[in-house]
Amino acid sequence: QVQLVESGGGLEQPGGSLRLSCAASGSIFSINGMGWYRQAPGKERELVATITSGGSTKYADSVKGRFTISRDNAKNTVYLQMNSLKPEDTAVYYCNADLRLGLLAVSTRYWGQGTQVTVSS
């Protein structure tokens, strides 16, 4: 059984920083892409950032220059460093991982349970 467990959310003031972590565990053969999405109240879930197994990254325009995604392949963990936070960054943040459970298995996307980030003074 595969689990993605997120941590690091919370309440932060505008202009502050938070670092999210997401660790994948279980019988994992390999992990391809990993990423972060977010969903604000009344809005659809949106892409925040993604990172490939080789380290190539992609960001939503709204977070470019403020957020940084990274990963530790040895720990099956992806991180999201969030700086210069704004009230509009308030949302539940979800991590995902495209992983394979065996050599011949297809790649399947798994999701974490979500962690709340609130930016408010």
Nearest 0.5 Å please: distance from the [atom1] atom of [X] over to the [atom2] atom of [Y].
{"X": "M82", "Y": "T68", "atom1": "CE", "atom2": "OG1", "result": "11.0 Å"}
{"X": "Q39", "Y": "Q116", "atom1": "CD", "atom2": "CD", "result": "11.0 Å"}
{"X": "I51", "Y": "S70", "atom1": "CD1", "atom2": "OG", "result": "6.0 Å"}
{"X": "E12", "Y": "T90", "atom1": "CD", "atom2": "OG1", "result": "11.0 Å"}
{"X": "S120", "Y": "L85", "atom1": "OG", "atom2": "CG", "result": "12.0 Å"}
{"X": "N76", "Y": "L4", "atom1": "CG", "atom2": "CG", "result": "9.0 Å"}

What are the two closest non-hydrogen atoms of [X] and [Y], and how far apart are they?
{"X": "A91", "Y": "A40", "result": "CB-N, 3.8 Å"}
{"X": "K58", "Y": "L47", "result": "CD-CD2, 4.5 Å"}
{"X": "I31", "Y": "A97", "result": "CG2-CB, 4.2 Å"}
{"X": "R38", "Y": "D89", "result": "NH1-OD1, 3.0 Å"}
{"X": "L99", "Y": "Y110", "result": "CD1-CE1, 3.5 Å"}
{"X": "M34", "Y": "T77", "result": "CE-C, 4.3 Å"}

Check whether any side-chain heavy atom of [X] lies under 4.5 Å from a side-chain heavy atom of [Y], and answer yes or no.
{"X": "R66", "Y": "K86", "result": "yes"}
{"X": "V117", "Y": "L20", "result": "yes"}
{"X": "P14", "Y": "P87", "result": "yes"}
{"X": "Q1", "Y": "L101", "result": "no"}
{"X": "V2", "Y": "S25", "result": "no"}
{"X": "N32", "Y": "S107", "result": "yes"}

Problem - Residue pair L80, Y93: steps toward the side-chain contact (heavy atoms from CB on, under 4.5 Å) verdict - result: CA-CA 10 Å; L80 186 67; Y93 284 69; 4.2 Å; yes
Mind checking whether [X] and [Y] sit in one hydrophobic cluster, side chains of I, L, V, M, F, W, Y counted as touching below 4.5 Å?
{"X": "I69", "Y": "V92", "result": "no"}
{"X": "L104", "Y": "F29", "result": "yes"}
{"X": "Y37", "Y": "F67", "result": "no"}

Exercise for the section: Give a yes-or-no answer on whether the side chains of S17 and N83 include a donor-acceptor pair shorter than 3.5 Å. Expected result: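 A donor-acceptor contact under 3.5 Å links the two side chains.
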Problem - Worked verdict on L18 versus Q81 for side-chain contact (heavy atoms from CB on, under 4.5 Å) - result: CA-CA 6 Å; L18 285 173; Q81 177 67 43; over 6 Å; no
Practice task
Would you indicate whether E88, at its atom CD, is surrounded by more than 12 heavy atoms from other residues, nucleotides or ligands within a distance under 6.0 Å?
Solution key: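 Yes, enclosed.
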Practice task
Kindly indicate, with the supporting measurements, whether the criterion side-chain contact (heavy atoms from CB on, under 4.5 Å) is fulfilled by S7 and R19.
Solution key: CA-CA 9 Å; S7 60; R19 188 189 194 214; over 6 Å; no
Practice task
Look only at the side chain of R100 and the backbone of V106, and say whether a donor-acceptor pair between them is shorter than 3.5 Å.
Solution key: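 No; zero donor-acceptor contacts below 3.5 Å.
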Problem - D61 bridged to K64 by N-O distance under 4.0 Å - result: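 Salt bridge between D61 and K64, a charged N being under 4.0 Å from a carboxylate O: yes.
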Exercise for the section: Please confirm whether R45 makes a cation-pi placement over Y94, using NZ or CZ under 6.0 Å from the six-membered ring centre and within 45° of the ring normal. Expected result: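 Yes.
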Exercise for the section: Mark yes or no: R71 above the aromatic ring of Y79, with NZ or CZ under 6.0 Å from the six-membered ring centre and no more than 45 degrees from the axis. Expected result: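 Verdict for Y79: no cation-pi partner in R71.
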Handout entry: Worked verdict on W36 versus T50 for side-chain contact (heavy atoms from CB on, under 4.5 Å)
Key = CA-CA 6 Å; W36 291 94; T50 62; over 6 Å; no
